[in-house]
Amino acid sequence: MHTILVTGGTGYIGSHTVVELINEGFRVLIADNLANSDTGVLDGIQEITGIRPGFEHLDICDAEKLKGYLDSNPEIGAVIHFAAYKSVGESVEKPLKYYRNNIVSLINLLEEMKSRSIASLVFSSSCTVYGQPDQLPVTESAPLKKACSPYGNTKQISEDIIADFIKASPSIKSIALRYFNPVGAHPTALIGELPRGVPDNLVPFITQTAIGLRDELKVFGNDYNTPDGSCIRDYLHVTDLARAHVAAIKRLLEGRNKDALEFFNLGTGKGISVLEMINTFERVNSVSINYTITGRRPGDIEQVWADTTLANRELGWKAQSSLEETLASAWKWEKYYRNNKA
């Protein structure tokens, strides 16, 4: 049985990935500084899977503490690295916070992987590396544009760091997964997206507005060059995204990767506008959302969605959930959390 270290494993995407890893028979250890999550997530993971993963309250920006933790867990054979700040808007306001956390944590992790001969890394990247692409849908061979936010830039820089590191350390292999927009929650509603403070992402803001926690949802701009004027994104169910990480880690552990560093787009291959998301949520869940149109938000890209052909073929992975199922799961989670946890 392989032991996988999941950094940021109590976070939104991390926790869903931990569930899928456990369901596939992996032993999972989580290291998380709880900056945007809490240990109650472990209860949800245990209830879903019957297994409670090992957990360490650890900030991997602290090199000495990371070293001590890995010294205590020599059985770790691969790493899935989620731990990073991820708010586009906050990164514009606090760029140094993002560069310090997202870059230093990766460097510390790579140094320790090399010293311990941990050879497999799945890296949580983002479609923000493409900036505003010239052609849609976006393939992995699309040129990387200048990032529209410091957050996006940390993902570009991180990919460059991994590429340079692997050239100097050929025993280590990596897959960078470029996510589009993860949404929804586990079908059990036992885990889901729970941002600290005011949500930065669309769907939790929709659900919090629907349940009365927020007075209104702001739609940032209706004057984009899109059919209804609002931004277009590729929204995929977080459980589908989690399954892609299992496929990627298996590919590395089984030596099926064709290059030392591979990149895969993860999305549905379909673009949905912000206003379409709101309308679909209202229709599927029979609720009304109070929203207003406001000005554009700094750092936002007009429209982007994925060409997932490569991931479909090489990883044997494809997004399976419909938008309706995804938005129903998000609302189910919001209601469960407010009624049982909040």
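Owing to the predicted nature of the structure, the values given are computational and were not obtained by experimental measurement.
Hydrophobic clustering (ILVMFWY, side-chain heavy atoms < 4.5 Å, transitive): V203 and V284 are in distinct clusters. Note: the hydrophobic cluster containing W317 also contains L253 (ILVMFWY, side chain heavy atoms under 4.5 Å, direct or indirect links). Hydrophobic clustering, with ILVMFWY side chains joined whenever heavy atoms are under 4.5 angstrom apart, groups V246 together with L266. In the hydrophobic cluster analysis, where Ile, Leu, Val, Met, Phe, Trp and Tyr join through side-chain heavy atoms closer than 4.5 angstrom, I162 is grouped apart from F264. L29 and M113 end up in the same hydrophobic cluster when Ile, Leu, Val, Met, Phe, Trp and Tyr side chains are linked at under 4.5 Å.
Atom CZ of R296 has more than 12 neighbouring heavy atoms from other residues, nucleotides or ligands inside a 6.0 Å radius. By the neighbour-count criterion of 12 heavy atoms within 6.0 Å, atom CD of E254 is densely surrounded, having more than that number from other residues, nucleotides or ligands. The 12-atom threshold is exceeded at CG of D223, counting heavy atoms of other residues, nucleotides or ligands nearer than 6.0 Å.
Looking at S125 and L177, their side chains never come closer than 4.5 Å, going by heavy atoms from C-beta outward. Side-chain contact check for C231 versus T226: every heavy-atom pair is 4.5 Å or farther apart. The closest side-chain heavy-atom distance from I22 to I45 is below 4.5 Å. Between Y99 and T154 the shortest side-chain heavy-atom distance falls below 4.5 Å. Between L110 and L121 there is a side-chain heavy-atom pair separated by less than 4.5 Å. For the pair K250/L315, no side-chain contact is recorded, criterion being any heavy-atom separation below 4.5 Å from C-beta on.
In this structure, the side chain of Q132 engages the main chain of Q303 through a donor-acceptor pair within 3.5 Å. Here the side chain of S149 pairs a donor or acceptor atom with the backbone of G152 at under 3.5 angstrom. A distance-only check finds no donor-acceptor pair linking the side chain of R297 to the backbone of V219 [under 3.5 Å]. Counting only distance, with no hydrogens or angles, the side chain of N279 and the backbone of L275 share a donor-acceptor pair below 3.5 Å. Of the possible donor and acceptor atoms, none in the side chain of D307 sits under 3.5 Å from a partner among the backbone N and O of V138. With hydrogens and angles disregarded, no donor-acceptor distance shorter than 3.5 Å links the side chain of D259 to the backbone of L261. Listed for the T280 side chain is no donor-acceptor partner under 3.5 Å among the backbone atoms of M277. A donor-acceptor pair under 3.5 Å links the side-chain atoms of D32 to the main chain of T10, judged by distance alone. Between the T188 side chain and the L190 main chain, a donor and an acceptor come within less than 3.5 Å of each other. Remark: side-chain polar atoms of D234 are paired, donor with acceptor, to backbone N or O of A306 under 3.5 angstrom.
Applying the salt bridge (charged side-chain N to carboxylate O under 4.0 Å, His left out) test to residues at least two apart or on different chains, the pairs with a partner in residues 55-67 are K67-D71. For residues 72-83, the set of pairs meeting the side chain to side chain donor-acceptor pair (under 3.5 Å) definition, not counting sequence neighbours, comprises T7-H81, R27-E75. Applying the ring-ring contact (aromatic ring centres under 6.0 Å, His included) definition to pairs two or more places apart or across chains, none involves residues 186-223. Screening residues 44-72 for ring-ring contact (aromatic ring centres under 6.0 Å, His included) gives no qualifying pairs among residues at least two apart or on separate chains. The salt bridge (charged side-chain N to carboxylate O under 4.0 Å, His left out) contacts involving residues 266-282 comprise nothing, where partners must be two or more places apart or lie in separate chains. Among residue pairs with one or both ends in residues 169-178, those qualifying as salt bridge (charged side-chain N to carboxylate O under 4.0 Å, His left out) are E159-R178; sequence neighbours excluded.
For the side-chain hydrogen bond (donor to acceptor under 3.5 Å, both in side chains) criterion with T207, the lone passing option out of E334, E193, K335, K332 is E334. For the side-chain hydrogen bond (donor to acceptor under 3.5 Å, both in side chains) with N265, the qualifying choice from W305, Y130, Y179 is Y130, the only one to do so.
Under a 4.0 Å N-O distance rule, the pair K258/E262 does not qualify as a salt bridge. In summary, K318 and D240 do not engage in a salt bridge, as defined by a charged side-chain N under 4.0 Å from a carboxylate O.
With sequence neighbours excluded, the residues forming a side chain to side chain contact (heavy atoms under 4.5 Å, CB included) with N23 are V19, E20, T49, listed by chain and number. Residues meeting the ring pair (Phe, Tyr, Trp, His ring centres under 6.0 Å) test with Y12, sequence neighbours left out: H16. Looking at residues two or more places apart in sequence or on another chain, you find a ring pair (Phe, Tyr, Trp, His ring centres under 6.0 Å) between W331 and F281. The ring pair (Phe, Tyr, Trp, His ring centres under 6.0 Å) check on F82 picks up H245, with sequence neighbours excluded.
Note that CD1 of I175 is 7.5 Å distant from CD1 of I249, once rounded to the nearest 0.5 Å. Atom CG in N102 sits 6.5 Å away from atom OG in S158 (nearest 0.5 Å). The structure places CD1 of I211 at 14.0 Å from CD1 of I206, a figure rounded to the nearest 0.5 Å. The distance from the OG1 atom of T139 to the CZ atom of F263 is 13.0 Å, given to the nearest 0.5 Å. Atom NZ in K145 sits 9.5 Å away from atom CD1 in I301 (nearest 0.5 Å). Distance CG/D38 to CG/D43: 9.0 Å, rounded to 0.5 Å.
Between G184 and V238, the shortest heavy-atom distance links the atoms O-CG1, 3.7 Å. Pairing each heavy atom of C148 with each of G131, the nearest pair is SG-CA, 4.4 Å. For the pair A31 and L58, the tightest heavy-atom approach, listed with the atom from each and the gap, is CB-CD2, 4.0 Å. Counting all heavy atoms, side chain and backbone alike, L252 lies closest to S120 at CB-OG, 3.8 Å.
In the model, D228 has a side-chain atom that pairs as donor or acceptor with a side-chain atom of S273 under 3.5 Å.
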Under 3.5 Å, which donor-acceptor pairs link side chains of residues 288-295 to any protein atom two or more places apart or in another chain?
{"residue": "N290", "atom": "ND2", "partner": "D215", "partner atom": "O", "Å": "2.9"}
{"residue": "T292", "atom": "OG1", "partner": "E216", "partner atom": "OE2", "Å": "3.4"}

Could you give the side-chain donor-acceptor pairs of residues 88-97 under 3.5 Å, partners two or more places apart or in another chain?
{"residue": "E90", "atom": "OE1", "partner": "Y98", "partner atom": "OH", "Å": "2.6"}
{"residue": "E90", "atom": "OE2", "partner": "K97", "partner atom": "NZ", "Å": "3.0"}
{"residue": "S91", "atom": "OG", "partner": "V88", "partner atom": "O", "Å": "2.7"}
{"residue": "S91", "atom": "OG", "partner": "Y151", "partner atom": "N", "Å": "3.0"}

| Stepwise side chain to side chain contact (heavy atoms under 4.5 Å, CB included) test for N201 and K86 | CA-CA 10 Å; N201 295 332; K86 63 182 182 65; 3.4 Å; yes
